[in-house]
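In the text below, chain A, chain B and the rest are named by the order of the sequence lines, each starting its count at 1.
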Protein chains: 2
Amino acid sequence: MTSVLSAPPGTDPVERFLHRLAKFEPLEAEARDALRRAIVRGPLVPPYQEVHGESVPDVVVLLSGWACHFQMLGNGKRQISTLVVPGDFADFGFLTGSAADIQYVTTAPSQFGRIRARQFSELTEQFPSIMRATLKAAAMETAIGRERLISLGLRTAIERLAHLICELWWRLSVAGLVGPDNSFHLPMTQAELGAALGLSTVHVNRTLQALRRRDIIGLQGGKVHIHDLKYLTTLSSFDAGYLTGAAPSRAT
Amino acid sequence: MTSVLSAPPGTDPVERFLHRLAKFEPLEAEARDALRRAIVRGPLVPPYQEVHGESVPDVVVLLSGWACHFQMLGNGKRQISTLVVPGDFADFGFLTGSAADIQYVTTAPSQFGRIRARQFSELTEQFPSIMRATLKAAAMETAIGRERLISLGLRTAIERLAHLICELWWRLSVAGLVGPDNSFHLPMTQAELGAALGLSTVHVNRTLQALRRRDIIGLQGGKVHIHDLKYLTTLSSFDAGYLTGAAPSRAT
DNA sequence: CGAAGTCTTGACTAGACTCAAGTTGGGTGG
DNA sequence: CCACCCAACTTGAGTCTAGTCAAGACTTCG
């Protein structure tokens, strides 16, 4: 099992980011060094801090913590469109140079890293591998979005929830954030899970209980324990292909 | 009204594509010429032709017709994730150089244009504006996907349908494919609309009738007539911001 | 200890799905 | 030119998943 995941990086969040990025495309040692030097570590921001897109679209990376993109509709309802886990780019607005089009919130104490837009574009010129890796990271985010669309379009509540947990399990595994007992931190309230899954808070609660009752997962205090990963995977027809860049093996 | 849309291009589909692309980022005359020369016009492919991702990820553009990305789940259910209209890139797999990860079908007789991968990357080196425009096109596709996620997550059936029609109205307007009477071709069956909107065929049918009964739209023979665009817009809280690259004006 | 936010439970409602049976319309072949 | 066929569309009836409303219990945390 661990063969797929390869050895997680050390504990330093910047190294984790570099490790993640290099998985998309091999990075020369000099490219890594240049990135290391370019990243400015930000302060620890508290939970529920809103981060607005700025007119200067610097490259922002989530080093530690948790964040999510969301949008609101006039009626006060909220949809979370993307979950940002440590090692992810916070958003890809910098690729187009246009003002970041999206706003996001932290849901846990978080630290961001930042690379000045100008400096980043110099880096990509010097090291095209960095650009290729970044584009692949963006493509993966698109693939994740597509998969979430599929969840909302044709999976039931329990399948959606199971699929999300599988997805997070995989992504956090790659980032080295899953414990040996298949547990990880999930700093989201049930209301937030609902906003991400297109379900009401109450229904998320009941659905979680169904999974708990069958002893598939445990969830308490913002920490998930997966007791039966195989069941979860089957239930939600989870196929990690979209998270690896490999060819999809979906459908027949 | 027409100020927003600017004069649509002539009738040639390649010109339409160039016109669309230039809306994302101004293109020098030489860049346009180079693109014109690089595009190879493909044959007319019949409806329901599946196009698989190839190992050589050439740049493929839909010149005329209609196509959609879809994925299937084991239970035979289908989700359409993206609608491709004339002037759109068929998919953005070429950006990462990896084998196109997505398959799509035509739903109408369609013509694709193709640029060899190698030639395209030479073009983007010579004319960075082409790369910028392409990245912005990709960003718009992401934004469209996010908006569809919102539809599935928190809009009702009638709102989803109305929103989709508004979106298509806008996109096809930019492509110069909407008639003066606010009508356009929509070569999708009700089953396909359902697969795009996360609704059953039967429910799509009933929902369409609700819109017809209130005389908001007409839909027959693959052609939509919008009678009350304002109502549609309000009903679905449609905000074209995400289709223009402008700052979102959503929520308050 | 109180307060606020989160989680849990119950009862009722409703929007959307399924199944099943027509109906329409365009296209083909005799 | 008509008969037939198939796919798409339409309608009805019954069911069910998930939403809403409302109240109560559990946790932090100041």
Query raised in the report: Once you round it to whole Å, what is the distance between P of D:dC26 and CG of A:Asn205?
Result: 14 Å
Query - salt bridge (charged side-chain N to carboxylate O under 4.0 Å, His left out) partners for B:Arg160, two or more places apart - result: none
Report summary line: Applying ring-ring contact (aromatic ring centres under 6.0 Å, His included) to A:His69 and not counting sequence neighbours gives A:Tyr104
Requested in this report: May I ask you to decide whether B:Glu147 forms a salt bridge with B:Arg155, counting only side-chain N to carboxylate O separations under 4.0 Å?
Outcome: yes
Requested in this report: Could you check how far CD of B:Gln190 sits from C1' of D:dT10, rounded to whole Å?
Outcome: 8 Å
Query raised in the report: Taking only residues two or more places apart in sequence or in another chain, which ones pass salt bridge (charged side-chain N to carboxylate O under 4.0 Å, His left out) with A:Arg214?
Result: none
Query - Contact interval (first through last nucleotide) of DNA chain C with protein chain B, 4.0 Å heavy-atom - result: C:dA16 to C:dC19
Report summary line: For A:Glu167, the salt bridge (charged side-chain N to carboxylate O under 4.0 Å, His left out) test, sequence neighbours excluded, returns A:Arg148, A:Arg171
Requested in this report: For the helix from C:dT8-D:dA23 to C:dG30-D:dC1, figure out the bend between the end axes, five pairs an end, and round to 10 degrees.
Outcome: 40°
Report task. Please state how far atom CD in B:Glu192 lies from atom C1' in D:dA8, giving the value in whole angstrom units. Result -> 11 Å
Query - Partners meeting salt bridge (charged side-chain N to carboxylate O under 4.0 Å, His left out) with A:Arg78 (sequence neighbours left out) - result: none
Requested in this report: Report the residues that fulfil ring-ring contact (aromatic ring centres under 6.0 Å, His included) with B:Phe70, sequence neighbours left out, ordered by chain and then residue number.
Outcome: none
In a table with atom names and distances, give each donor-acceptor pair under 3.5 Å that connects a side chain of residues 199-209 of chain B to protein atoms at least two apart or in another chain.
from, atom 1, to, atom 2, distance (Å)
B:Ser200, OG, B:His203, N, 3.2
B:Asn205, OD1, B:Gln209, NE2, 2.3
B:Asn205, ND2, B:Gln190, OE1, 2.9
B:Thr207, OG1, B:His203, O, 2.6

Query raised in the report: Starting at CD of B:Gln220 and ending at P of D:dA8, how long is that distance when rounded to a whole Å?
Result: 18 Å
Report task. Give one of base, sugar-phosphate or nothing for B:Arg212, where a contact means two heavy atoms less than 4.0 Å apart. Result -> sugar-phosphate
Which side-chain N or O atoms in residues 174-183 of chain A pair as donor and acceptor under 3.5 Å with protein atoms at least two apart or in another chain?
from, atom 1, to, atom 2, distance (Å)
A:Asp181, OD1, A:Ser183, OG, 2.9
A:Asn182, OD1, A:Trp169, NE1, 3.0

Report task. Starting at atom CG of B:Leu193, determine the distance to atom P of D:dT10, rounded to an integer number of angstrom. Result -> 11 Å
Report summary line: Residues passing the side-chain hydrogen bond (donor to acceptor under 3.5 Å, both in side chains) test with B:Thr142, sequence neighbours excluded, are none
Requested in this report: Send over the distance from B:Leu208 CG to D:dT10 P, rounded to a whole Å.
Outcome: 7 Å
Please list, for nucleotides 12-19 of chain D, all pairs of protein and nucleotide N/O atoms separated by less than 3.5 Å.
from, atom 1, to, atom 2, distance (Å)
D:dG12, N7, B:Arg206, NH1, 3.2
D:dG12, N7, B:Arg206, NH2, 3.3
D:dG12, O6, B:Arg206, NH2, 3.1
D:dA13, N6, B:Arg206, NH2, 3.1
D:dA18, OP1, A:Ala157, N, 2.8
D:dA18, OP2, A:His203, NE2, 3.3
D:dA18, O5', A:His203, NE2, 3.4
D:dG19, OP1, A:Ser200, N, 3.2
D:dG19, OP2, A:Ser200, N, 3.1
D:dG19, OP2, A:Ser200, OG, 3.0

Report task. Answer whether the closest heavy-atom distance between the side chains of A:Phe238 and A:Ile165 falls below 4.5 Å. Result -> no
